[in-house]
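So the structure is just underneath, and the comments pick up after that.
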Amino acid sequence: MENKKIRVRFAPSPTGMLHIGGARTALFNWLYARHYNGTFVLRIEDTDQVRSTEEAVNVILEGMKWLGLDWDEGPGKGGEYSPYYQMQRLHLYQKYAKQLLKDKKAYYCYCTREELAESREKQSKENKSLKYDRHCLSLSEEDKKRYEAEGRKPVIRLKIPTKEIAFNDLLRGEVTFDGGLLSDFVIMKSDGIPTYNYAVVIDDALMKITDVMRGDDHISNTPKQIVIYEALGFDVPKFAHIPMIMGEDHAKLSKRHGAASVMEYRKMGYIPEALVNYIAHLGWSSGSNREIFSVEEIAKEFTLDKISKHAAVFSMEKLNWFNSEYLKKMPIDFLTKMLLPFLKEANYIENEENLSPAKNEYIKEVLKLMQGRIKNFSQFIDYADYFFVDKINIEPQAFGSVLNKEGVPGILQALEEKLSAIKCWDEESSENAVRKVASSLQIKGGQIIHPTRVALSGKKVGPGLFELMVVLGQDKTVKRLKKAIEKIKEAKNRK
RNA sequence: GCCCCCAUCGUCUAGGGGAUAGGACACCGCCCUUUCACGGCGGCGACAGGGGUUCAAAUCCCCUUGGGGGCACCA
């Protein structure tokens, strides 16, 4: 085989978010480039005048950066083959279109949308494959002038040869199509902007892309593109069509399935490394029984033979598991830093930047308590609220079933007195206090532990009580116990 | 309708002529335990169907079925 340096690309169209499926395609290309020490190109396919927005471009770039998928050439980076925005490359598409026209491999078509629709409908009735009827294939100069006089703006269509078109897919082996069944598709729209199937080829060829890795929804586009490569005498790249990602109902992943956009996962508090690890496993596997890999480790092992051929269903449950694993294993300082924006957003802290060392330490300690209990940072906000607010919210169910019981105020009272007297506030002393109160009242530890937890956190579940008390501090612990006793009394009086 | 791709537990997958078909998530049970988690141990659970080829098929071939994608002046 040629030892050309591998060049791959990710070419999203900026018409919305960075989709999970797109991100996975980007990731596979990135991994492939890194594995073979190749070049990863990012190109923006913004030829859809109506739907493309600059904002969407930014969302995509941001998403890529968040995932850690850095590109070697593309927006913000430049490169030998710039520009990397298709709308800045119009002259190139026009140039090659002229050549195709001159070589009689493409032709002007003046048919209106109505005429086209009519023809398609007729074919549909006759159960034929839908293709252009070549009405304009051999128009005379007079015909063209007449149409132009009518005000018709022509498109340029590619003339598809009647022959077998085959390519060797790196994942699937040989795939063949009958050119006779393909339609003479439009390569240049009447406004002078190229269509996808045409622009892709010009750019991939000019940018010297060696391997085109993309979703298998592009398989049927491939023969059309090959016709263009051949018509222009370009080298045809290798193709690898990777399986798609589906929603739980096995339909194409979309908003209906919950979060389909990469940025939504960031908002929900997933760790990018975990997301990357998970989506890498959608269609790829190391061949071993290991699941947790750093992206570098995946790149090292990433080869085409380990990619499966069938679509994969995106599972939130499994993503949660990956995220929990990262939550448990990543350095606490790193996680603490990542948590700050969420605390800010929830108004648990004033400012992310000028945190006092003490406050930072406090957050870190709280996070340590929650680390093994949360699936993402959004959950942290819900589960750990009582560490950050003055007035805690006692869940009604917890109040009714645990606090508002016979004897509880007395127990809390006794504990509060014992705790107030502690000189050295640590886990050992607080546990001792609780145990002593329990034995003097002749009750089991649980009978005192459970109401205390609710009094301090408002919840029935959470970290071990003694570590919770230590992090919360003596002052707050005592105050909350008193407050709880009051509340129980209030509830009694109301009856 | 036409064309193309795909098919192992519910899900992600390993395996690719001879295996008790392996792992992970989820689920269930037990242990640990002050709750919830974590962790440990165990369990449930799959080769879509039918034909070939072969001494032997989950594995190779064909058909059927099922799923997915495409057939735009969208990408």
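Letters A, B, ... mirror the listed sequences (proteins, then strands); counts begin at 1.
- Residue-level contact check: A/Ser324 touches neither bases nor backbone, having no heavy atom under 4.0 Å from any strand.
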**Q.** Under 4.0 Å protein heavy-atom contacts per nucleotide of nucleotides 69-75 of chain B, with B for base, S for backbone only and - for none
**A.** SSSSBBB
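- For the C1' atoms, the distance linking B/G15 with B/A21 amounts to 8 Å, nearest Å.
- At a threshold of 4.0 angstrom between heavy atoms, the contacts of A/Ser308 are confined to the sugar-phosphate backbone, with no base atom among them.
- Using N1 to N3 plus N6-O4 or O6-N4 for Watson-Crick, or N1-O2 and O6-N3 for G-U wobble, each under 3.5 Å, B/C2 pairs with B/G70.
- Separating the CG atom of A/Leu465 from the C1' atom of B/A37 is a distance of 16 Å, rounded to the nearest angstrom.
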**Q.** From CA spacing to verdict: side chain to side chain contact (heavy atoms under 4.5 Å, CB included), A/Thr452, A/Val434
**A.** CA-CA 10 Å; A/Thr452 305; A/Val434 171; 5.9 Å; no
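- Separating the P atom of B/C38 from that of B/A19 is a span of 38 Å, rounded to the nearest Å.
- Note on A/Lys328: only backbone sugar-phosphate atoms sit closer than 4.0 angstrom, heavy atoms only; bases stay farther off.
- The side chain of A/His250 places no N or O atom within less than 4.0 Å of a non-bridging phosphate oxygen (OP1 or OP2) of B/G66.
- The A/Arg435 side chain lies nearest to B/U34 when the options are B/C4, B/G23, B/U34.
- Look at B/G10: its Watson-Crick or wobble partner, with both distances under 3.5 angstrom, is B/C25.
- The separation between A/His257 atom NE2 and B/U11 atom C1' is 14 Å, rounded to whole Å.
- Using Watson-Crick or G-U wobble geometry with both donor-acceptor distances under 3.5 Å, B/A46 finds no partner in any strand shown.
- Position along RNA chain B of the nearest nucleotide to A/Lys460 versus A/Tyr278 favours A/Tyr278 as the more 5'-ward residue.
- The separation of B/C28 from B/G67, taken at their P atoms, amounts to 30 Å, rounded to a whole angstrom.
- Between A/Phe380 and A/Phe388, the angle of the ring planes lies from 30° to 60°, which puts this pair in the tilted group.
- The same atom, C1', is picked in B/A26 and in B/U13; the two are 15 Å apart, to the nearest Å.
- A straight line from CD1 of A/Ile448 to C1' of B/U35 spans 15 Å, rounded to a whole angstrom.
- Using a 30° and 60° split on the angle between ring planes, A/Trp284 and A/Phe293 fall in the perpendicular class, above 60°.
- Rounded to the nearest Å, the gap between the P atom of B/A57 and that of B/G23 is 25 Å.
- Comparing the C1' positions of B/A48 and B/C9 gives an interatomic distance of 14 Å, to the nearest angstrom.
- Comparing the C1' positions of B/A58 and B/C4 gives a spacing of 26 Å, expressed to the nearest Å.
- Taking the centre of each ring, A/Tyr108 and A/Tyr147 stay at or above the 6.0 Å mark.
- If you take CE of A/Met316 and P of B/C12, they are 17 Å apart, rounded to a whole angstrom.
- Ring geometry for A/His218 against A/Tyr196 counts as tilted: the plane angle lies between 30° and 60°, on a 0 to 90° scale.
- Atom NE2 of A/His281 and atom C1' of B/U13 are 10 Å apart (whole Å).
- In this structure, A/His135 NE2 and A/Asp184 CG are separated by 14.0 Å, a value rounded to the nearest 0.5 Å.
- If A/Phe177 and A/His450 are placed on RNA chain B by their nearest nucleotide, the residue sitting closer to the 5' end is A/Phe177.
- Base contact: A/Phe466 has a heavy atom under 4.0 Å from a base atom.
- At a cut-off of 3.5 angstrom, counting only N and O atoms as typed in the model, there is no donor on one side facing an acceptor on the other between the side-chain of A/Arg172 and the base of B/C5.
- Looking at heavy-atom distances under 4.0 Å, A/Gly283 makes contact with sugar-phosphate atoms alone, never a base.
- Note: CG (A/Asn320) to P (B/U11) measures 19 Å, nearest angstrom.
- In this structure, A/Gly464 reaches the bases: a heavy-atom distance under 4.0 Å links it to at least one base atom across the strands shown.
- Counting heavy atoms from C-beta on, the side chains of A/Phe322 and A/Ile271 never come closer than 4.5 Å.
- Across every strand in view, B/U35 sits unpaired, with no contact that passes the Watson-Crick or G-U test at under 3.5 angstrom.
- At a cut-off of 3.5 angstrom, the base of B/A24 holds at least one donor-acceptor pair with the side chain of A/Lys318.
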Q. Does the ring-ring contact (aromatic ring centres under 6.0 Å, His included) test come out yes or no for A/Tyr96 and A/Tyr198, once each step is laid out?
A. CA-CA 10 Å; A/Tyr96 288 100; A/Tyr198 174 60; 8.1 Å; no
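- With distances taken from any side-chain atom of A/Trp321 to the nucleotides B/U11, B/A24, B/C5, the minimum falls on B/A24.
- When both pairing distances are held under 3.5 Å, B/A58 makes no Watson-Crick or G-U pair with any nucleotide shown.
- Per the geometry, CZ belonging to A/Phe167 stands 17 Å off P belonging to B/C3, to the nearest Å.
- Residue A/Glu317 is classed as a sugar-phosphate contact, given heavy-atom separations below 4.0 Å to backbone atoms only.
- Atom C1' of B/G39 sits at a distance of 33 Å from the matching atom of B/C47, rounded to the whole Å.
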Q: Given side chain to side chain contact (heavy atoms under 4.5 Å, CB included), test A/Tyr326 with A/Leu335 step by step and report yes or no.
A: CA-CA 9 Å; A/Tyr326 278 79; A/Leu335 293 171; over 6 Å; no
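- A/Phe40 has its ring centre no less than 6.0 Å from the ring centre of A/Tyr32.
- Summarising the geometry, the separation between NZ on A/Lys309 and C1' on B/A14 is reported as 15 Å, rounded to the nearest angstrom.
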